[in-house]
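For clarity, every value in this text was computed on a predicted model and none was experimentally measured. Naming convention: chains lettered A, B, ... in sequence-line order (proteins, then strands); numbering from 1 in each chain.
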Amino acid sequence: MTTAEDRSESLRMIRDSAAGIAPRTSDLKRIRALRFTEPGFDKSVWREMCEMGWLGLLVPEDAGGSGLGVQEFCALTEELGASLIPEPLIAGAMAARLLPPDHLADVLSGERIVLPAWQSRPLSLELNDGGHVGNGRITGKKIFVPMAAGADTFLVTVPGGFALVDRHAAGVHLDCQTTQDGGNQGTLTLEDAAAEFIPGDATEAFETSIMATSAYLLGAMDRVFGMTMDYLKTREQFGRKIGSFQALQHRSADLKIQVSLARATVNAAAKTMDDSGDAAVRKAAVSRAKARASDAASVVTRGCIQLHGGIGYTDAADPGLFLRKMMVLAPAYGSAALHRARFRDLAPAGDED
Amino acid sequence: MTTAEDRSESLRMIRDSAAGIAPRTSDLKRIRALRFTEPGFDKSVWREMCEMGWLGLLVPEDAGGSGLGVQEFCALTEELGASLIPEPLIAGAMAARLLPPDHLADVLSGERIVLPAWQSRPLSLELNDGGHVGNGRITGKKIFVPMAAGADTFLVTVPGGFALVDRHAAGVHLDCQTTQDGGNQGTLTLEDAAAEFIPGDATEAFETSIMATSAYLLGAMDRVFGMTMDYLKTREQFGRKIGSFQALQHRSADLKIQVSLARATVNAAAKTMDDSGDAAVRKAAVSRAKARASDAASVVTRGCIQLHGGIGYTDAADPGLFLRKMMVLAPAYGSAALHRARFRDLAPAGDED
Amino acid sequence: MQQDLDALSDDAFRQVVRDWVEANYPPEIRNPLKRLHWDECKSWYFLLAEKGWLCPGWPTEHGGMGLSPGKQLIMLDEFERHGCARTIDQGVLMVGPLLIAHGTEEQKAFFLPKVLTGEHVWCQGYSEPNAGSDLASLRTVAERDGDDYVINGQKIWTSMAMDANWIYVLARTDRKAKKQEGIGFFLVPMDTPGITVRPLLTLDLNEEFAETFFDDVRVPATALVGLPNKGWSMAKALLGFERIFVGSPKQSAYALARLRDLAARMGVTDETDFQAAANRHQQDVDDLTDLYETYVEQVRQGEVPGPDVSMLKVYQTELYQRITETMLEIAGEHGGMLEPMEGNRALNPAGLFLQSRPSTIYSGTNEIQRNILSKNVLELPG
Amino acid sequence: MQQDLDALSDDAFRQVVRDWVEANYPPEIRNPLKRLHWDECKSWYFLLAEKGWLCPGWPTEHGGMGLSPGKQLIMLDEFERHGCARTIDQGVLMVGPLLIAHGTEEQKAFFLPKVLTGEHVWCQGYSEPNAGSDLASLRTVAERDGDDYVINGQKIWTSMAMDANWIYVLARTDRKAKKQEGIGFFLVPMDTPGITVRPLLTLDLNEEFAETFFDDVRVPATALVGLPNKGWSMAKALLGFERIFVGSPKQSAYALARLRDLAARMGVTDETDFQAAANRHQQDVDDLTDLYETYVEQVRQGEVPGPDVSMLKVYQTELYQRITETMLEIAGEHGGMLEPMEGNRALNPAGLFLQSRPSTIYSGTNEIQRNILSKNVLELPG
C-alpha cells in the first residue's frame with residue numbers, strides 16, 4: 001500500500017472478488033433458504049470464502065494472511081451486506097486476527113471455525129468483562145455471540161487477552177437464540193471449562209469489526225434502496241408510475257442523502273483506521289461511522305418498506321430481509337446511541353470560532 | 001355557565017365581539033405601524049378593549065368584571081393572535097384579576113395600565129423570586145416584563161402576594177429592550193421603592209396567562225397557515241399553481257395537523273381550567289397545551305416562510321410578522337421545553353396496561 | 001334490555017360495560033400480540049352474542065342493540081381499555097349494516113341471524129394486487145350468465161380468509177362504466193368451486209392475510225346486494241367509522257406502556273434520555289387523544305366526520321411507529337431477537353416494531369391520506 | 001509568484017495562505033453577522049487585489065492567480081476558517097470568467113482590469129418576481145433597436161444592488177424561442193437612465209437585497225456578451241462551483257460554535273439534553289464534512305461534480321436551520337429579543353435563526369434540489 005492509486009486498485013480488486021460469492025445482481029434465494037436453519041449459514045460457502053483469502057485478509061502476510069487494511073476489509077463486507085451474506089466473516093476475521101500464527105492453519109483453511117465471544121452485557125463495548133481464566137480453566141458468561149451455532153471454538157475475551165475454548169468441552173454450555181434475520185446468537189456459559197489463555201489486546205480487531213459491520217450495513221441499505229428505486233420505476237397506481245409522485249420522489253432523495261452520508265463516513269473512518277496513529281481519533285471516527293450507518297440503515301430500510309406499500313410488508317418480498325438484517329446489525333457492536341455517547345466522550349468540541 | 005349550549009353561545013359571542021378590534025380579514029397595517037415604536041401599542045385601542053369589557057373578562061361580576069371563564073378568555077386571545085394585536089391584554093387581564101376591587105375602577109376603564117412583573121430568571125415559572133417587600137418599600141429585580149414601556153403601574157409578584165409599584169416612583173428603574181415582533185420587554189430594577197403590598201396568590205391568574213398565550217399562538221399560526229394556503233392557490237411557477245405540487249401539499253397537510261393538535265389541546269386545557277378542581281391536573285393540561293402551542297407555532301410559522309419561498313423572507317410580506325411573534329411568544333410564560341419538563345413532573349405515567 | 005342501556009347516562013353505561021367485561025372477558029386472550037384467528041377469538045364472539053352485545057349498531061329488530069353512536073364508542077372504548085381482542089367482525093361491521101340498508105328481505109332473513117350466531121364468518125374481498133390504495137381501479141370481473149354471475153380475478157390482503165366461510169367481494173359488472181361505477185357487491189361462500197386461498201406471510205411472520213383467487217366462480221344473481229353498479233358507493237358509505245378507529249390513540253398508548261415496561265427491564269427508567277423520549281411520546285399520545293375526542297364528540301352528536309378525520313390516521317400511525325422505534329433503540333441487541341425477552345410478551349420490542357410498520361400503509365397509505373387532506377380539506381389545486 | 005504558489009504542496013500552500021490571512025485580515029470584520037456592504041468590505045477587497053490574490057481562478061495573463069481547483073478550494077477553506085467576510089465578488093466569480101470564456105477582446109480589455117481594481121462593483125440580475133426558482137421562465141425583455149438594445153422588466157433579489165455600479169442581466173432577446181433559449185447576457189451600468197433600485201428589507205432587517213426595475217433602459221449592442229440566445233447556457237455553466245459552496249459545512253460549524261457559546265452563557269453546557277443535541281449536531285456536521293470532502297476531491301481531480309452535489313445543499317442548509325432552532329430553544333426569552341445578548345454578537349440566537357431561514361430557499365429551493373436529485377440522480381420518472 002503506497003500510493004492512493006495502488007489503494008484504489010486494491011479496493012477495486014476486492015470488490016470484484018466479492019462478486020463471486022456475493023454478486024449484487026443475484027436473487028436472495030440462498031439467503032432465504034438458510035434463514036431459521038442451524039447453524040444459519042453454509043459451511044461450504046465458508047470454506048470458499050477462506051479459499052479466497054477473506055478470513056485472513058487482515059492477518060499479516062508472514063502469518064499466512066493477506067496483510068491488507070481496514071479499507072479493503074470494509075470494501076469486502078460492504079459487498080457482503082449488499083447480498084445479505086449470512087456467513088459470519090466479520091466475527092471470524094476478528095478471531096483470525098487475534099490468533100497466534102501457530103493456531104491459524106486450520107482456521108484460515110476453513111476447517112475449524114473460531115468465533116469471538118466478547119460481550120457480557122447488553123449495549124456495551126467492554127471486552128474485559130464476563131470471564132476469568134486461571135490454571136487453564138475458564139468460568140464466565142458471554143452473550144450475543146454471533147452465529148454461535150456454527151462455531152467449533154470460541155475465542156473468549158478476558159482481562160489481558162483471550163481464552164480459546166472448545167465448543168464441546170466439559171463445562172461449556174451454549175444456548176442459541178434465533179435472530180430476526182434468521183440467524184442466531186449464543187449465550188455462552190462457561191463453568192470451569194478447559195481453556196488456553198493467549199495474552200493480547202483485542203481492541204484494534206474489535207474496532208475493525210465495528211467498521212466492518214458499518215460497511216455491511218452500508219452495502220445492505222444501498223442495495224435495498226436501489227431495489228426500491230427500480231420498483232418505483234415499474235409499479236403503477238392511479239395510471240402512473242408511482243415514482244412520478246413528488247412526495248415519493250422527495251422521500252427517495254432524502255434516503256439517498258442518508259446512504260451517501262453513511263458511505264462518506266464509513267469510507268473516511270476506514271481510511272482513518274488505516275492511516276492515523278491516534279487511538280482517540282480512530283475510535284471517534286469509528287463511532288461516528290457506526291452511529292451514522294446504524295441510523296441510516298434504520299431510516300432507509302423502513303423507508304423502503306413504506307415506498308413499496310403493501311407488498312413491502314410481505315415476507316415474500318425482499319425489502320423485509322433488509323429490514324430484519326438492520327434490526328440485528330444496527331445494535332450489533334454498539335448501537336447508534338452507544339456510539340454517539342462514545343463519540344461525545346472522545347471528540348474534541350469543534351474548533352470553529 | 002350552566003349547559004354546554006350556553007357555553008358554546010358564550011364563546012361565539014366573544015369571538016364575534018373580537019372582530020371589532022381584531023377582524024380576521026384585516027390587513028396588518030396598524031400592526032406594522034406600531035412596530036418598533038414606544039410603547040409599542042395604541043393606548044386608545046387599549047381603552048376600546050377596556051370598554052368592550054375584555055380586561056375584566058375574568059374579574060368577578062361583583063368586582064365590576066364579566067366573571068367569565070378561561071375558555072372565553074382563550075377564545076378572545078385566539079382572535080387577538082390571528083390579528084397579531086400588540087396591546088398587552090393577557091398581561092393586563094392577569095393584573096386586573098389580582099387587584100382588589102377597590103383598585104380596579106381606573107384599571108378596568110383603561111385609564112391606568114397595570115402590568116404584572118412576575119419573572120426574575122430566564123426560562124423560569126417561579127413567581128416568588130426577585131422581590132422583597134417590607135415597610136411599604138420594595139427591592140428587587142424583574143425581567144421580561146411584557147410591553148413594560150406602556151405601563152403606569154407594575155404589579156410585582158413577591159412571596160405571599162404582590163406589590164403595586166408606580167412606574168415613576170423613586171427607586172424604580174425601567175430598561176426596555178425591543179423584541180423581534182417590534183414590541184418591548186422591560187427589566188425592572190427596584191431599589192427601596194414605595195410599594196403597596198397586597199396579599200394573595202397569583203397562581204391561577206398566571207396559569208390563565210399561560211393558556212391565553214397558547215391560544216394567542218394558536219390564532220396566529222392558524223391565520224398565517226390560512227394565508228399560506230391562499231398563496232399556494234394563486235402563486236404560479238413552472239406554469240402551474242404551486243399548490244398543485246405534491247411535496248408542498250403534503251407539507252401543508254402536516255402543518256394542518258399541527259394546527260389541529262394545538263387547537264384540540266388548547267381547547268381541552270381551557271376546559272380543564274374551568275372544570276377541574278385538581279391543581280395538578282390543571283397544571284399538567286396547561287403545560288401540555290403550551291408545549292404543543294409553542295412547538296406547533298414554531299413549526300407552522302417556519303413552514304409558512306418556506307412555502308412562500310423568497311417573498312416569505314422579506315419584511316414586507318406578512319408571514320414574517322407571524323414568525324417574529326412566535327419568536328417572542330413561544331418562550332413567553334415558559335418555553336415548550338420548560339412546560340414539557342413540568343408536565344413530566346406532574347403527569348402520572350399512562351394508565352394503559 | 002337494550003332499550004334500558006341506551007337510556008342510561010354515559011357514565012352509568014360505561015360502568016355497566018366495564019363491570020361486565022372485567023368479569024367475563026377471557027383472560028388468556030387479553031392484549032393479544034397479533035390479530036386472533038377464529039379458533040382463538042370465537043369464545044369472545046360467542047360470549048358477546050349470548051349477552052346480546054355482538055352488534056351494538058344494528059337495530060333491535062334485527063337482533064342488534066340499537067345503541068346511539070356515542071354509546072357505541074363508549075363500549076368500544078371500554079373494550080379497548082380492557083385489552084379485548086378484535087373478533088373476526090366483518091359480518092358485524094360490514095355485511096350486516098349493508099344488508100340492513102340495501103338487502104332484500106330474503107337476504108336479511110338468511111344472513112343476519114347467521115352473523116349473530118357466528119355460523120357465518122366473513123372476510124372482505126376489496127384490495128387487489130394492482131389497486132393497492134387505488135380501490136376504484138379494481139379488475140375483478142363479475143359477468144352475468146343467465147341467472148348467475150361468473151367471477152374472475154384476484155384479491156389480496158384478504159384478512160382472515162383462511163378462517164372465513166363467506167366472503168364479500170367487489171367486482172366489476174360493467175367494464176365500460178367509469179372507474180368507480182359499474183362495480184357490484186357480492187356475497188360468496190368460500191367453498192364455492194374456483195376459489196383458492198393462498199396465505200400471505202407478513203413481516204412479523206403471521207398469516208393474518210391471504211391472496212384469494214377467483215377462477216370462474218359461479219354464484220346466483222341473488223348473491224348481489226343492491227344494484228349491480230352501486231357496490232362501491234354502498235361500501236364506501238360504511239367506511240366512516242373505520243376512519244375514526246384507525247386514528248384511535250389506544251394503539252399508541254399501548255405501545256407506550258410497553259416501552260415503559262421495556263425501559264424498566266433494561267434499567268433505563270431514570271435516565272434523562274429515556275425520560276425525555278417517553279415524556280414526548282406521552283404528550284403526543286395525550287394531544288392526539290384531545291384531537292380524537294373532538295371527532296368522538298362529532299359522532300356523539302350524530303354527525304359524520306369529514307375528510308379531515310384523515311389527520312387522526314396519519315398522526316396516530318406515525319406516532320405508533322416512533323414509539324416502537326424508541327423501543328428498538330432502548331432494547332439494543334434484544335431488538336434483533338425473534339422471540340420476546342424472557343418469553344414475556346410484554347417485552348417484545350422487535351414484534352411491536354414490525355407490527356407497527358404496515359399501519360402507515362393499510363386503510364389507505366398515509367400518502368393517500370395526505371392527498372385527501374390537501375385536496376379535500378385544504379382545497380389545494382389538483 | 002503565482003506560479004510558485006501553484007507548485008507548492010497542498011499543505012505548504014495552506015500554510016502560506018493561513019499565515020498571510022492571519023497577519024493581514026482586518027480584525028474588525030471577522031465573522032460578520034451579515035453580508036457586508038461595499039464600504040465595509042472594500043478594505044479586504046483592496047488587500048486581496050494588492051496581494052494579487054483577488055482572482056484565484058482567473059488565468060495569470062488576465063491578472064488572476066491561475067490556481068488549480070484544488071488550490072482554490074484550500075484558499076477558500078482558509079478564508080472561511082479565519083472567518084473572512086465575503087466581498088462583493090460577482091465581478092470576480094461571474095463576470096470575469098464569463099468574459100474570459102465568451103467576451104470580445106474589447107470587452108476583456110475594458111472590464112477585467114476594472115474588476116481587479118475594484119472600480120467596477122458588480123451585482124447579478126437573474127431572479128424575477130414570477131420566476132423564483134424557475135429562472136428559465138424570465139420575462140425581462142431586451143429588444144433590438146438599431147445599434148442598441150432596450151431593456152424592460154423587473155429583477156428581484158439583486159444582492160448588493162445599492163452598492164454596485166454595474167449589473168449583469170439576463171433578458172429575453174427572442175420571445176418565440178423555447179424557455180431556456182432566446183436569452184441574452186448584458187452588462188449594464190447602474191446609472192443608466194431607466195434603472196430604479198428599491199431595497200428589499202429582509203426578515204433579519206437587513207438591506208442586502210433589492211428589486212431592480214428596468215424601464216426602457218437603452219444599452220449599446222456591445223453590452224451583449226456572446227450570442228444573443230446563449231446567455232442562459234453560458235451563465236449556467238458557471239454555476240458549478242457555487243453548487244459546492246452552498247453545501248460547505250462551515251456555515252453549520254459556525255452556528256454550532258455559537259450554540260456552544262450560548263449554552264455556556266445560559267449555563268446548560270453540562271446538561272444531558274443540551275449535550276445530546278449538540279453532540280448530534282456535531283456528528284451531523286462532521287458527517288457532512290466527510291461527504292463534502294468527496295466533492296472537494298472531485299474538484300481537486302479536475303472533475304465537475306454532477307447533479308448529486310445537490311445533496312450537500314439540502315443537508316447543509318437544513319442542518320444549519322436545525323442548529324439555530326436548538327439555539328432558540330436554549331435561549332428561551334432571549335430568543336425573542338431584537339439585539340444580541342449583552343451586545344455580544346457571538347450571542348445572537350434570534351439573528352442566526354432568522355439568517356438561516358432563507359438558506360433553504362435561495363440558490364434553488366430545497367424542493368427544487370430534491371426534484372433534481374430524484375430526476376437526474378435517481379432517474380425517477382417525470
Point to revise | Proximal component of L321(A), with respect to chain C [non-hydrogen, under 4.5 Å] | key: neither
Practice item. Can you tell which part of E333(C) gets under 4.5 Å to a heavy atom of chain A, answering side chain, backbone, both or neither? Key: both
Review point. Using a cut-off of under 4.5 Å for heavy-atom pairs, which of Q180(A), E236(A), K325(A), H308(A) has the most such pairs with chain C?
Key: Q180(A)
Revision key, fill the gap. Okay, Y313(A) and chain C: the region with an atom under 4.5 Å from a heavy atom over there is both
Exercise for review: Would you mind checking if D315(A) and R35(A) are paired as a salt bridge, meaning a charged N to carboxylate O distance below 4.0 Å?
Suggested key: yes
**Study point:** Residue L201(C) versus chain A: region with a heavy atom under 4.5 Å
**Key:** both
Check your understanding: Does anything in residues 206-213 of chain C get under 4.5 Å of chain A by heavy atoms, and if so which residues?
Key -> none
Check your understanding: Among residues 312-323 of chain C, which ones touch chain A with a heavy-atom distance under 4.5 Å?
Key -> none
Study note, to complete from the structure: Ranked by heavy-atom pairs below 4.5 Å to chain A, first place among L354(C), N371(C), N366(C) goes to L354(C)
Point to revise | Part of D273(C) within contact of chain A (heavy atom distance under 4.5 Å) | key: neither
Point to revise | Atom group of F36(A) that falls short of 4.5 Å from chain C, counting heavy atoms | key: side chain
Check your understanding: chain C: which of L329(A), V328(A), N184(A), T314(A) shares the most heavy-atom pairs with it under 4.5 Å?
Key -> T314(A)
